[in-house]
Every structure is written in structure tokens, then in C-alpha cells.
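Since this is a predicted model, take the numbers as computed values, not measurements.
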Number of protein chains: 2
Amino acid sequence: MTGITRLPHPEPTDVALTDVLFALSDPARLEIVRELAAGPLTMAECGVTNPDLPKSTKSHLMKVLREAGIVRNEPDGRRRLVSLRKDELDAVFPGLLDSVLAAD
Amino acid sequence: MTGITRLPHPEPTDVALTDVLFALSDPARLEIVRELAAGPLTMAECGVTNPDLPKSTKSHLMKVLREAGIVRNEPDGRRRLVSLRKDELDAVFPGLLDSVLAAD
DNA sequence: GTAACTGTTCCACTTCGATCGAACCGTCGG
DNA sequence: CCGACGGTTCGATCGAAGTGGAACAGTTAC
């Protein structure tokens, strides 16, 4: 059986700007987004700056980013590939992600 | 005596990006920022979309915006003039405010 | 002076979000 | 099969933030 657990991913057009801003307003979440700007990562790979962060906590942080339409999380074998939905986000909120990532 | 109550205003350079994003992540606060984009307003004037918002609540919303370096609040007679610190904010986080205000 | 006006601060209450262990689920290797 | 692995979900706890009435403070009008 294809018990593939695909997580819900809202269309960025359905996400409120305030939800995006809120998701980015947490240092740990913002750091994850910065890491993902260089390319997709598995869950285990990202969060390098917080090495001993419990996996349940990291999963929750990722859930907020995913539900804000910022990140895509798709199964890949027994891991999960996380990637930034940059193009889709740019289409709805032009320049937002760039200005956030540009800040030191 | 000049008992002028000047409220503390942090330099935008001293404010973390996440604090700015958080301040903007609330619908009521974001709405106030949108109104202020057209020009300075008194406390009584801004918050038009939330007409019957208690003044203590509105004052608290404004405090968050002020402490995030987004807004200036200066005494003017017996009222207070609130203005957007656009130039100062642009200098520290280029394009951020514009992209936020550009979104419908 | 004193009263009305504009806003801030204080306080208590409530709601929301962060955190993390434990249980659970799908996948791969033997 | 079965165990190890990579992640998600659940549930409880805790601190942070929103809310709003009441008291307070500065300013102006009378």
C-alpha cells in the first residue's frame, strides 16, 4: 500500500501575509529558511546551527513554515526533503523573501 | 515644567529582523502600518478599520510597533503624532517595508 | 483652579505558541 | 518477518503575548 504520508501544503495564494511574516519572525525558523536558500535539505541536514534540537521541536518548527507556504516537505525514501518554495512565494509576495534573506 | 513624556524609541539598527517581522505579523498592527504609509496620524485617527478598539489595546499595539523601530510616537499638544520610520527602516532592512506594503 | 480630553501604564485574565518526551508510522536492510 | 532509522503526531507543561477596564499623567479650554 502506498502509505506515503504526503503532508498538506497550502497554496501560497491562500496564505495570509501575516502568517508568512509570523513564520519568519522566529529566529530558529528564520535560520532554517536561510539554510534552505542554498538548496533543498533533508530534515536531518537542516538545523545545523541548533545541533541538539529535539526532533519533535524541529518537526514543529518545520510545520509552521510549511503551513505558511514557505517550505515544501516531501517524502524521499525514509527521509524527507525540505525545499524553499521561493518562486511560488515570490509570485504572491514579490521581493519579500529576498529582502528578508538580504538582511544579515 | 516640561513633563513631556517622550517614549523610548530604539534605533532600527539595534532591532532584530525577527522583532520587526513579528510586529508586522499581526493583522491589526499591519493595518495600522498601512494607514501610516500615507502619512502621520494621531492615535485617534489611526485604527480606522477597528473603530471600537479599546484605547488601551490600541496603545499596546502601538507600543509593539514602536519598540520594533517601525513607528515613531511623539507628543503633540495633548495628543500624539504617530509616523512611520520608513527611511530609517529602509536603511537597515532595504526593501522589506516596501514588499510588505505592496502585498494587497 | 478645575474639568474635559488624549493617551499611557498598571493589573488581572485569558489565549496562544514553544518545547520536548513518548508513542506512533512508513521505509529500508538483513 | 523484525529491528533500526528518519520523521511526524500526541499530550502535557510552561512562558509569552493579547485583551480591556481602571487608574494615572500631561495638555488645553473655560
Length of the CE-C1' vector between A:M62 and D:dG7, whole Å = 11 Å

message = Among residues at least two apart in sequence or on other chains, which ones pass side chain to side chain contact (heavy atoms under 4.5 Å, CB included) with B:A37?
response = B:L84, B:L101

query = How many Å lie between NZ on B:K63 and P on D:dG18, as a whole number?
reply = 11 Å

query = Taking the side chain as C-beta and beyond, is there a heavy-atom pair between B:R29 and B:F22 under 4.5 Å?
reply = yes

query = Are any of B:R79's side-chain N or O atoms less than 4.0 Å away from OP1 or OP2 of D:dT27?
reply = no

note = Between CD of A:E74 and P of C:dG26 the distance, given in whole Å, is 19 Å

ask   = Does the salt bridge (Lys or Arg N to Asp or Glu O under 4.0 Å) test come out yes or no for A:D76 and A:R80, once each step is laid out?
value = CA-CA 5 Å; A:D76 172 46; A:R80 284 176 178 278; over 6 Å; no

task = Rounded off to whole Å, could you give me the CZ-to-P distance for the B:R6 and D:dG26 pair?
result = 14 Å

ask   = So which nucleotide from C:dT9, C:dG26, D:dG7 ends up closest to the side chain of A:A44?
value = D:dG7

ask   = If we only count heavy atoms from C-beta on, is the A:L41 to A:L81 side-chain gap below 4.5 Å?
value = no

request  = Grab the two heavy atoms, one from B:M62 and one from B:V82, that are nearest each other, plus how far apart they are.
outcome  = SD-CG1, 3.7 Å

task = Would you mind reading off the distance between A:M43 atom CE and D:dT9 atom P, rounded to a whole angstrom?
result = 10 Å

query = Can you name the one residue among A:D90, A:V20, A:L89 that meets side chain to side chain contact (heavy atoms under 4.5 Å, CB included) with A:L96?
reply = A:V20

message = Rounded to whole Å, how long is the line connecting atom CG of B:L81 with atom C1' of C:dT8?
response = 16 Å

What donor-acceptor contacts under 3.5 angstrom involve side-chain atoms of residues 43-60 of chain B, with partners at least two apart or in another chain?
| residue | atom | partner | partner atom | Å |
| --- | --- | --- | --- | --- |
| B:E45 | OE1 | B:T42 | N | 2.9 |
| B:E45 | OE1 | B:T42 | OG1 | 3.4 |
| B:K58 | NZ | B:M43 | O | 3.0 |
| B:K58 | NZ | B:C46 | O | 3.1 |

note = Quick tally for nucleotides 17-23 of chain C: nucleotides whose base has a protein heavy atom under 4.0 Å get B, sugar-phosphate-only ones S, the rest -, giving SSBBBB-

ask   = Tell me: NZ of B:K58 to P of C:dT9, nearest whole Å?
value = 16 Å

key: Distance in angstrom units between B:D76 CG and D:dT28 C1', rounded   = 12 Å

query = Counting side-chain heavy atoms from C-beta on, which of D:dA4, D:dT8, C:dT6 comes nearest to A:R78?
reply = D:dA4

query = Where the side chain of B:R80 is defined as all heavy atoms beyond and including C-beta, which of D:dG7, C:dT8, C:dG26 is the nearest nucleotide?
reply = C:dT8

message = Is there a side-chain contact between A:N73 and the phosphate of D:dT8, meaning an N or O under 4.0 Å from OP1 or OP2?
response = yes

